[in-house]
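Below: one structure in structure tokens.
Naming convention: chains lettered A, B, ... in sequence-line order (proteins, then strands); numbering from 1 in each chain.
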Amino acid sequence: MSEGPRAEHMIEAVLLVSAAPVGTSDLSSATGLPKPELESALASLQERYSPETSGIVLRNVAGGYQLTTNPGCAAAVERFREESRPTPLSNAAHEVLACALYLGPLSRGAISRVRGVNSDAVVRNLLERGLLVEVGTDREAPGSPALLGVTDEFLAATGSSTSDDFPPLASLVSPEELSRVRDRLASASAPPEDAGEST
Amino acid sequence: MSEGPRAEHMIEAVLLVSAAPVGTSDLSSATGLPKPELESALASLQERYSPETSGIVLRNVAGGYQLTTNPGCAAAVERFREESRPTPLSNAAHEVLACALYLGPLSRGAISRVRGVNSDAVVRNLLERGLLVEVGTDREAPGSPALLGVTDEFLAATGSSTSDDFPPLASLVSPEELSRVRDRLASASAPPEDAGEST
Amino acid sequence: MTFEPQGRSLADFTVELDVYSGPYEWLLALILKDELEIFEIPLRELVESYVGARERDPAGGGLERDTDFAGSASALVLLKSRTLSPALDPDAEGDEDETLSPQELAERLTEYLKIRRAAEHLRARFAANAGHHPSSHTLPPRPGRLRIRPDRVSLAARRAFSRLIDPPVRHLGPITVTLQELAGMIRTALVTGPISYEVLTRRMDRLNRAVAFAAALSLAQEGALTLTQTEPLGPLILEPTALEPTAMEPSA
């Protein structure tokens, strides 16, 4: 490990990709750092990212550690937010939202199976944009994956008050297509049929 | 303005809240900094967030500035996300992107013609990954097919500022190689009774 | 039997290719999901790898496994040939059948060669820039800023739910032939002496030809025949080995 990245660097990187606070045990397992080393790296990062020295500050909040903007820079951040136009949604994002709207709540795996392509990155983006939300977990499925549904923000963005405002699924696809989709959904949640695992 | 936050801090804060690269004019209007001051603040941030000094790096890509994780810390980030590294792009995908970059915007049909094989599945995969985007339609062609081009994400993923950042197409193949291809073709396709070779 | 994918007789078979290493079954799944490009899979290496695995473990699976492998491998061959066939694009200006002059052909190849080189350049660029993950601290836009067109959602639903996930191989018909049947047929044909593969398979469809080839390979593996091809692309001759009849029995 002597040649690996520095402790502080790994922590910075992990914190950049997490909007929510990260607990020390998660930080430890991601970075492979033992607790004492982790603590001392966090202490030195707290100096690097203090309100006096940076526009990005490291906060130790209830759930763990989190990078946030320096409140002193709030005006600039607010202007940026005011002026930035939201990135339009891709076709893939529309499809994922349609899955959650018409078939949801459903897991990431189920969405990928219905669409026939790994959709994790698109789902992550839609969660970050507040258009999808975790509404529960599928206790039947292995690993109890989170179940995703559309948010009120999604409904507002489409100018609808409820999901019933959308045309019924039966008017969009044929019964055969629908049953194929249901098959794919069923195969997503069912445990593998073949009980005799090979290894 | 003497009491306000430091230029570097405002820029850091704005970049933290943007996943996509931010152009200098957007940075300037958000922070209220005139261009020269902005440029010098960016230069000092580039030292603060260099691959040698930080787990977060400042990149100048896709026509703007972006904070990203340091690639040296990618393993920790992937462990944290519990996401496997996306499948690397196939040769076919690189060819399709090369078509869009150098010959685009162009239709799926045009890409398939250049490559000599059906490229629809590859195109779909690249749309899904956000590296290609439909930028318009070819109204001249029958069926008005969609025209595809590369995205800012493509530019960011290749570390490029603009699509002019790539070597010219003609420079990628040496004249000797081209004439070898022509020779081989000529000798392969010349009818046996035709003594008058064209080259 | 049909191509209702095999049992799990191939569950233990793993492959090591440049583009993929891992269980063979997963390789099939990745190809079916478009995550791997079929035409980047060197099918010859795949077959060699299977033959190698079979040599190391002659007792494992036997003909059932061979049949399963031949079935899936011939589906891959067909899929690959479909992928490599010229694009059937309804939007194309119908120039598929045009005959190109040598100059035009040279132009096309030259253009493709440049794209090929550009693709190699891009591969290096992607590799050099991998591992940069952007910030996740994005602010949601002000409520009301983002507009999503409901008709685009409906359209997306239609597209996603009507898509055929598995490649359309059903039109090829069920695989109604087994490796054993074709192996038996080859043995019978060899009684009268050597025969060329082309003659042997003259009346067969593509699927049967593919399975016959796998059967011939399998028999060659068992030492029941030898395969010879004196020149590239020349006729492939199946010759019975001059051994006692017991050598013709499957070793499994």
Check your understanding: When rounded to the nearest 0.5 angstrom, what distance separates CD1 in I11(B) from CD1 in I56(A)?
Key ->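 With rounding to 0.5 Å, CD1 (I11(B)) is 11.5 Å from CD1 (I56(A)).
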Check your understanding: What's the verdict on side-chain hydrogen bond (donor to acceptor under 3.5 Å, both in side chains) for R79(A) and T31(B), showing C-alpha distance, side-chain angles and the deciding distance?
Key -> CA-CA 8 Å; R79(A) 268 195 303 274; T31(B) 57; over 6 Å; no
Practice item. Please collect all salt bridge (charged side-chain N to carboxylate O under 4.0 Å, His left out) contacts where either partner lies in residues 33-44 of chain B, sequence neighbours excluded, each pair once. Key: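 Of all non-adjacent pairs touching residues 33-44 of chain B, none passes salt bridge (charged side-chain N to carboxylate O under 4.0 Å, His left out).
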Point to revise | Heavy-atom pair count under 4.5 Å with chain B, highest-scoring of G55(A), A74(A), A19(A), A13(A) | key: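 Among G55(A), A74(A), A19(A), A13(A), the one with the most close pairs to chain B is G55(A).
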Check your understanding: Given the options A76(B), A30(B), A20(B), G130(B), which has more heavy-atom pairs under 4.5 Å with chain A than any of the others?
Key ->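 Of the options given, most contacts go to A30(B).
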Check your understanding: What residues of residues 62-73 of chain B sit under 4.5 Å from chain A when you count only heavy atoms?
Key ->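 The list, in residue order, reads L67(B), T68(B), T69(B), G72(B), C73(B).
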Review point. So F80(A) and L27(B), side-chain contact (heavy atoms from CB on, under 4.5 Å) or not? Walk me through it.
Key: CA-CA 8 Å; F80(A) 176 72; L27(B) 275 177; over 6 Å; no
Check your understanding: If you count heavy-atom pairs under 4.5 Å with chain B, which of R48(A), E95(A), E82(A) comes out on top?
Key ->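 Maximum pair count with chain B is reached by R48(A).
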Review point. When only pairs under 4.5 Å are counted, which of V77(A), D26(A), L16(A), L15(A) shares the most heavy-atom pairs with chain B?
Key: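 Most pairs with chain B among the choices: L16(A).
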Exercise for review: With a 4.5 angstrom heavy-atom cut-off, could you sort out which part of V57(A) is near chain B: side chain, backbone, both or neither?
Suggested key: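 Nothing of V57(A), per the 4.5 Å heavy-atom cut-off to chain B.
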Check your understanding: In Å, rounded to the nearest 0.5 Å, how long is the span from OG of S90(A) to CZ of R129(B)?
Key ->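 If we round to the nearest 0.5 Å, S90(A):OG and R129(B):CZ are 14.0 Å apart.
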**Study point:** Neighbourhood of chain B inside residues 155-170 of chain A, taking heavy atoms under 4.5 Å as contact
**Key:**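 Within residues 155-170 of chain A, no residue comes under 4.5 Å from chain B.
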Exercise for review: Could you look at S54(A) and say if it's the side chain, the backbone, both or neither that has a heavy atom under 4.5 Å from chain B?
Suggested key: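 Backbone plus side chain of S54(A), per the 4.5 Å heavy-atom cut-off to chain B.
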**Study point:** E83(A), part contacting chain B, at a heavy-atom distance under 4.5 Å
**Key:**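 The side chain, not the backbone.
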Review point. Is atom CG of D152(A) surrounded by more than 12 heavy atoms (other residues, nucleotides or ligands) closer than 6.0 Å?
Key: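 No, not enclosed.
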Review point. So, for R124(B) and R115(A), which heavy atoms are closest and what is the spacing to 0.1 Å?
Key: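 Looks like NH2-O, 3.1 Å.
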Check your understanding: Heavy-atom distance under 4.5 Å to chain B: side chain of R6(A), backbone, both or neither?
Key ->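 When you check distances to chain B, no heavy atom of R6(A) falls under 4.5 Å.
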Check your understanding: Could you give all pairs that pass the ring-ring contact (aromatic ring centres under 6.0 Å, His included) test and reach residues 101-126 of chain A, with sequence neighbours left out?
Key ->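 Matches after skipping sequence neighbours: none remain.
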Review point. V17(A) versus chain B, heavy atoms under 4.5 Å apart: side chain, backbone, both or neither?
Key: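 Both backbone and side chain.
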